[in-house]
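Predicted, not measured: the structure shown is a model, and the values here were computed from it. Order of the sequence lines sets the chain letters (A, B, ...), proteins ahead of strands, with each chain counted from 1.
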Amino acid sequence: MYRAAAPATLRIVPLDDLTAIYHRASGITHLVASPVPELLAALSEPLTLVRLAKRLGEEFYLSDGEALAARLDELVASGLAEQL
Amino acid sequence: MSDEPSEIPQGATRRRALMLGAVGASAIVSIRPALAQVSASISTCEIQVPDRARAGKYIAADGTPVPAGTKGAFAPASRPFTGQEVKQALAGGNLPGIEYERSQAYTKYIRRLQSGTSGFTCFASLQMPRG
Amino acid sequence: MRHRFDVRIGPVGFRIGSDWLGPITQLEELYRDYPEPRDGIPDFTVRLFAARPWRRFVRPAITIAGDYTIPDAAPLPLAQGLLAAEMGMNLQMALAQRRYLLLHASAVERDGRALLMTGESGSGKSTLAALLSARGWRLMGDEFALVDLDDGSVHAFPRLLSLKNEAISVVELTLPAARFGPRMEGTPKGAIRHLVPNAQAIEAMELPAAPALLLFPSFGFVAETRPVPPSEVFIRLTQASTNYVALGERGFDALIRIVAGVPAHAIDYPDTASAVTQVEALWDAL
Amino acid sequence: MGRAVSDGWLLARVLRDPAATAGFNADMWTTLIGIARAEQMIGTLGCRLDGLIVPETAARLFADARDAAEEGRRAALWEAEMARRALAGLDCPVLLLKGTAFVAAGMQAGVGRAIGDLDILVPRARIEEVEAALFEAGWEWVKEDAYDDAYYRRWMHELPPLIHRDRDRMIDVHHTILPLTARITPDAAALLADRTPLAEGGLHTLSRNDILVHAAAHLFADGDLAGGMRNLWDVHCLVEEFGIAGLAERARHHGLSREVARALRLAGCLYGSVAYGSDARHVGDALYLRRLTARDGWGRATRPFTRFAFYVRSHWLRMPPAMLARHLWIKWRKG
């Protein structure tokens, strides 16, 4: 299961292709590209990898499901999401 | 996804493709502190000798960058030094894999780094008091 | 300590202590028109001292320290005492200033609006600031621009401008009447000579200005200007700021305000004359 | 204030009684701020003086110091949280130590405190697993040289320090609170067994009394008293907040009665902790106080001979004589 940091702890400011995110819990600023903002939105409630893919599929075409796990690992490493 | 349109319920807006990127790629850059960070990394920050602005210059025995090929001066370092290596050199040790005189010259150069040059942030971060 | 000099530069008060009289005398002369720290309480302390007692007299070498210190910083010869003091003040700002977002940039003002120029040393931001001040711009500072965390305005920090190598003669020719410090040869950055900001800069140093244009100059290329996209401005400014991370969310707000509100251009220039032309052209186009 | 002092005592008296700043002139404020910064207690001072009438310039500096402490607190708690996430799978007790524990538990001692590395305590038997899990989560060695590394592993009470490759923050993983070489051997099992759970997240702190024992051990049986004013302020706050019921027995159990008693006396002398024998000064206390308060109004370290004496003493306490000789010899050869 994966869960994103609570929305209240995130300041999300789209700049151009990139989005600036200030994470209140860590005090760390992240500059992120798609799909990170979309993943954070989808993970506002805890989801398994499979359910997350399904959830995203309702809204987007997933170009490459293979990379989804890699993006999640990045999110977890950055602290923007937690693996439960 | 040739059958894509049929997947869209009547009246639904066209779905945007979500680019997940390559497995090896990175979608997050976390901002690292510049000079002010007190406990900046001493294992990950690096110092080039000389720095990019003076790339190719040789380093004289007193640490000043001089034109390439200057007699008695040392060629640029083959790789950047990590903060930890520099810290040990500053503490009187030797930069790794380098003979004494060359290490001394490089160390003098690093000591001369001033604010504004890339290496200075690293150099300075080595010296901050740790609470 | 034996000798002491207190001064306020913009909103920031300093106390400088020295084992030697020389640097203090120079500071008193060059900063003679500057005020004292507010309430007589300096924000920061700088110490210039001899690492070993005999080093006060034998090949005197100045060690730089203060409230916030780089212990192993290379000592400077006594002849470069003024430089040591300036470095000490910059160091306190870089390490510990947190009332403002600190941008490593030069700043000039016209009509209450500020032009910021940021880049690594050697990018010519000091020289450009000096030349623009000769053309009626108010000099706000050549080292740090202080961005107010509450309203985003830029506060002046008009310390002595430090001119290096070729820039020295360029500015000496442009500002023959200006006051200069001693020319110091063989410093860590080559020849350095300090320029005293003009009366206008000192008198108005209390006045903040709204940032209106942000430039990233780089020297030694064909004249060219290009707009810089917001995300690149954001990254560049986090790296040009010595205290962005330390400020937390307030720093984020201040930075976003600049990125969203201030047009940004990179300018390459072959010589300072064309640089001034490029800068003022961009300014007039605002 | 009595006579005008311009060493650590000035800071101590103001922390003890903030009202003592009434009538301070500019130079006294400047001296106080210089000393507090040098002792890394400016945040603590800023919080102590919060709400008092002070000159506007000083008030701004103290507000800045409180901000800095708040950001430091945020960063320290985040490091603890990331360590918790990294070790969650191990089902192994993880205790926060020192400053991070104070702020995580919301203790008085943590208010405004400067916090450096993250210090955690884990069972010695689990330390390899912990090390592996931390590597997995992005921590890596701060490259020490071979001698230092061997020295740590053989003799110290902690792993060589690790640093996180992205966040640039260090973590010290301890399995007890004193070097294995020290003449005193605290009961590490008891430290772990009597841990206190933190509200959320599965992290713990030492028991209240063990926190005091640790502070005393760190100060007198290990360190050279660098940062002593801050550590004794910790002791003072802990005593004021939690009292000392059962402390003497606990100290005796760990073999640290002398150190704990001295910590209480000196905290009493400096900060006026409700006097636990602080009025009955012992031989040597005066020398400790002389070392602890060795600062001048420019923030400079003073009394070099006293400082050096305590430096040598700290090594003497950490190592058997023969090993100390070898240690100093190798360090000397390495320059």
Worksheet item: Under a 4.5 Å cut-off applied to non-hydrogen side-chain atoms, are T29(A) and V245(C) in contact?
Response: no
Discussion item. As an exercise: rank A260(C), G248(C), G251(C) by heavy-atom pairs under 4.5 Å with chain A and give me the winner.
Written reply: G248(C)
Item to complete: Compare every heavy atom of L31(A) with every heavy atom of S231(C), then report the nearest pair and how far apart it is.
Response: O-CD2, 4.1 Å
Discussion item. How about CZ on R226(C), more than 12 heavy atoms from neighbouring residues, nucleotides or ligands closer than 6.0 Å, or not?
Written reply: yes
Worksheet item: Quick check: are there more than 12 heavy atoms from other residues, nucleotides or ligands sitting under 6.0 Å from CG of D151(C)?
Response: yes
Fill in: Verdict with supporting geometry, R11(A) and D253(C), side-chain contact (heavy atoms from CB on, under 4.5 Å)
CA-CA 10 Å; R11(A) 291 277 313 281; D253(C) 290 331; 2.6 Å; yes
Discussion item. Between L247(C) and chain A, with a heavy-atom cut-off of 4.5 Å, which part of the residue counts as in contact: side chain, backbone, both or neither?
Written reply: neither
Worksheet, complete the sentence: Output for pair (F252(C) CZ, I28(A) CD1), nearest 0.5 Å, gives 13.5 Å
Worksheet item: Below 4.5 Å, heavy atoms only, C-beta onward: do L18(A) and F234(C) meet side chain to side chain?
Response: no
Worksheet item: What residues of residues 279-286 of chain C sit under 4.5 Å from chain A when only non-hydrogen atoms are counted?
Response: none
